[in-house]
Amino acid sequence: MTVRTRFAPSPTGFLHIGGARTALYCWLESRRRGGEFVLRIEDTDRERSTDAAVQAILDAMQWLGLNHDEGPFYQTQRLDRYRQVADELVAAGKAYYAYESKDEIDAMREAAMARGEKPRYNGYYRDRHEPLRDDPNRVIRFRNPNEGSVVFEDKVKGRIEWSNSELDDLVIFRSDGWPTYNFAVVVDDIDMGITEVIRGDDHVNNTPRQINIYQALGARVPEFAHLPMILDKEGKKLSKRTSAVSVMEYREDGLLPHALLNYLVRLGWSHGDQEIFSREQMIALFDIADVNKAASRFDTEKLAWLNQHYLKTDEPQSLVAEFEWHLHRAGIDVAAGPAPIDVIVALRDRVHTLKEMAERAKIWYGPILEWDEKAVAKHLKNDSAAAVLGETKSLLADCAWNPEAIHQVVEQVAAKLALGMGKIAQPLRVAMTGTQVSPSIDHTIYLAGRDEALRRIDAAIALIQGRLSP
RNA sequence: GCUCCCUUCGUCUAGUGGCCCAGGACACUGCCCUCUCAAGGCGGGAACACGAGUUCGAGUCUCGUAGGGAGCACCA
């Protein structure tokens, strides 16, 4: 039997980090086992679901490269099917109509709480067999077994047993004519042939009642795997206030999709001491059964380290498209400066993110906007600096234009003036960037382009002369 | 309140009764390298929640305790 997994978000917001990991694990499990991955949009909550959220989720999945084989299916388009299955259940005596108002249910719940009991439906209509009647409060409730217990072997949590006496007759069809979550998922997972239900562990409590519905429907019960939560740095629930939660926010922050995936796959799962996983390795090695039981905290520093790792080791050409996306976002005109790939090579082991890279690249795509006072005071101050700039300029005027040739030029200047590299590179660096920090001096000059490099040297010489004779 | 779940360095984790006075990674930190910043190399500190029990032997098995979390909807 082919393994089929599904990711079933409800479109009430963007794809968040926890959802992304669930999607990744579902995707990996299906890929490793040669199965299929289904995407389903659980939009029966018509109050909170939006088309924009659907699109945001689709976009994020695509950016991450988590491709699905079937779907997206929409629950709102399957209403007739849910209705049909619910009717069958009623006809078979496995579900029944109930007519309590929401207020009555609330009162029932409060009374139970007051008695120190778990709030449950009291089963008033369970065995009354009242004839069907129209009523604004009419719902369909599932006739849950009240004897025995439900046992399942969770692939992550292990054996879980639940006494049926803990479960009540849940509503499967609301008075507004829409199915509830617990019913719709079961019908969908059966219809879509899902063999492995992988989802967040906030659903473990729902699993026993869902299993009872599977059984009432005579369907094969799938395997379950409940993933622990992802917490923020403080160990609290991830929230917009304390951390980035949206996958696309990480893109905006300059993360590579593969770095995020690598981080996520290691959060709650491991393979010995290995930290770096290519897509292919993840697929080959990941096993849902090896996932940890405990919640884990999201550590942006480790993510940043992984991101830099990929910046350093990926083929630079493969980073160009994503980097250009960031250049545009930073308001940079790519045509006004060096080839992005050269910038990537110069900056990739100096930054953790593409956003930072784009920020730092600005000096090569436009004029120096401000001079760092300290840098100027320290390195553009005397005849030595002027001599360095003058010498460099003349040699730069007609050398070959690549980092290696420029490196030769700098060394020649050092030899000629009998100065250490520090005395050569720093004045040039300030001249090129207005600051004391930049990539190696040869790359820094190279990226400026010959004409602009010469212009900046002239400007720096003028600055020195201005300072020497105000 | 009730039910269920969880607990190894600050963080992510390895560990399936002896190979563990607990290994790797991020972070932190010392030194080296060095044209700045990085990157890199070599080191360092840092954990089995607690208590009983089983066993020749427990991070690993059992039971309690403590702490944390989730759920208890006509929301998913």
Side-chain angles (χ1 to χ4, degrees), chain A residues 8-12 42-45 47-49 75 98 100-102 105-106 109 112-121 137-141 154 156-158 160-163 165-168 170-182 184-185 200-208 226 228-229 231 233 235-237 263 266-276 292-306 308 312 347-352 360 375 379 410 414 420-430 433 435-442 444:
Chain A
S10 59
T12 54
E42 309 214 325
D43 54 356
T44 51
D45 181 350
E47 301 280 297
R48 300 193 299 146
S49 300
Q75 289 189 324
E100 286 91 352
S101 69
K102 288 176 191 174
I105 296 296
D106 286 344
R109 184 160 38 240
M113 290 280 256
R115 271 179 272 124
E117 288 168 16
K118 205 166 170 175
R120 304 167 73 244
Y121 174 62
N137 289 326
R138 192 229 280 162
V139 298
I140 300 177
R141 284 184 181 271
D154 191 280
V156 172
K157 305 276 182 185
I160 293 177
E161 178 166 0
W162 218 284
S163 171
S165 59
E166 292 296 326
L167 273 21
D168 65 356
L170 72 157
V171 170
I172 59 174
F173 247 88
R174 302 185 221 151
S175 55
D176 67 2
W178 285 85
T180 58
Y181 164 77
N182 277 306
V185 250
D201 70 2
D202 46 333
H203 288 292
V204 277
N205 309 267
N206 290 322
T207 306
H226 287 98
M229 298 195 72
L231 275 14
K233 193 156 180 105
K236 302 282 183 194
K237 204 167 178 173
Y263 180 73
R266 274 289 286 103
L267 195 63
W269 173 82
S270 64
H271 183 258
D273 288 340
Q274 189 171 344
E275 295 288 348
I276 304 300
N292 288 158
K293 298 175 178 191
S296 43
R297 303 183 188 201
F298 196 87
D299 181 4
T300 47
E301 286 180 327
K302 186 160 184 181
L303 209 209
W305 172 78
L306 270 169
Q308 185 182 48
K312 285 189 306 194
L347 284 173
R348 61 181 180 165
D349 43 38
R350 293 179 161 75
V351 297
H352 287 97
R360 296 249 225 137
H379 299 293
V410 175
M421 278 302 270
K423 295 273 188 224
I424 307 292
Q426 285 306 79
L428 281 167
R429 179 166 281 118
V430 179
T433 68
T435 73
Q436 303 186 69
V437 178
S438 84
S440 63
I441 195 60
D442 43 12
T444 301

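Here is how names work: the chains are called A, B, and so on, in the same order as the sequence lines, proteins then strands, and each is numbered from 1.
Between A/I172 atom CD1 and B/rA73 atom P the separation is 17 Å, expressed in whole Å. Computed from coordinates, the A/L231 CG to B/rA70 C1' distance equals 11 Å when rounded to whole Å. One can place CG of A/L170 at 10 Å from P of B/rA73, the figure rounded to the nearest angstrom. The distance between atom CZ of A/R120 and atom C1' of B/rU3, rounded to the nearest whole Å, is 11 Å.
More than 12 non-hydrogen atoms from other residues, nucleotides or ligands lie less than 6.0 angstrom from NZ of A/K312.
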List, with names and distances, any nitrogen or oxygen atoms from the protein found under 3.5 Å away from nitrogen or oxygen atoms belonging to nucleotides 41-48 of chain B.
none

Under 3.5 Å, N/O pairs linking protein and nucleotides 25-27 of chain B:
unit_1: B/rA25; atom_1: O4'; unit_2: A/E275; atom_2: OE2; d: 3.4
unit_1: B/rC26; atom_1: OP1; unit_2: A/W305; atom_2: NE1; d: 3.4
unit_1: B/rC26; atom_1: O2'; unit_2: A/K302; atom_2: N; d: 3.3

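Between the side chain of A/T444 and the main chain of A/P439, a donor-acceptor pair closer than 3.5 Å is present.
Residue A/R141 places at least one side-chain N or O closer than 4.0 Å to OP1 or OP2 of B/rC74. Note on A/N182: every side-chain N or O is 4.0 Å or more away from OP1 and OP2 of B/rA73. Of the side-chain N and O atoms in A/T180, none sit less than 4.0 angstrom from OP1 or OP2 of B/rA73.
Side-chain atoms of A/K293 lie closest to B/rC6 of the nucleotides B/rA14, B/rC37, B/rC6. Distances from the side chain of A/R360 to the nucleotides B/rC74, B/rC37, B/rG1 place B/rC37 closest.
Taking only distance into account, the side chain of A/S440 never meets the base of B/rC35 through a donor-acceptor pair shorter than 3.5 Å.
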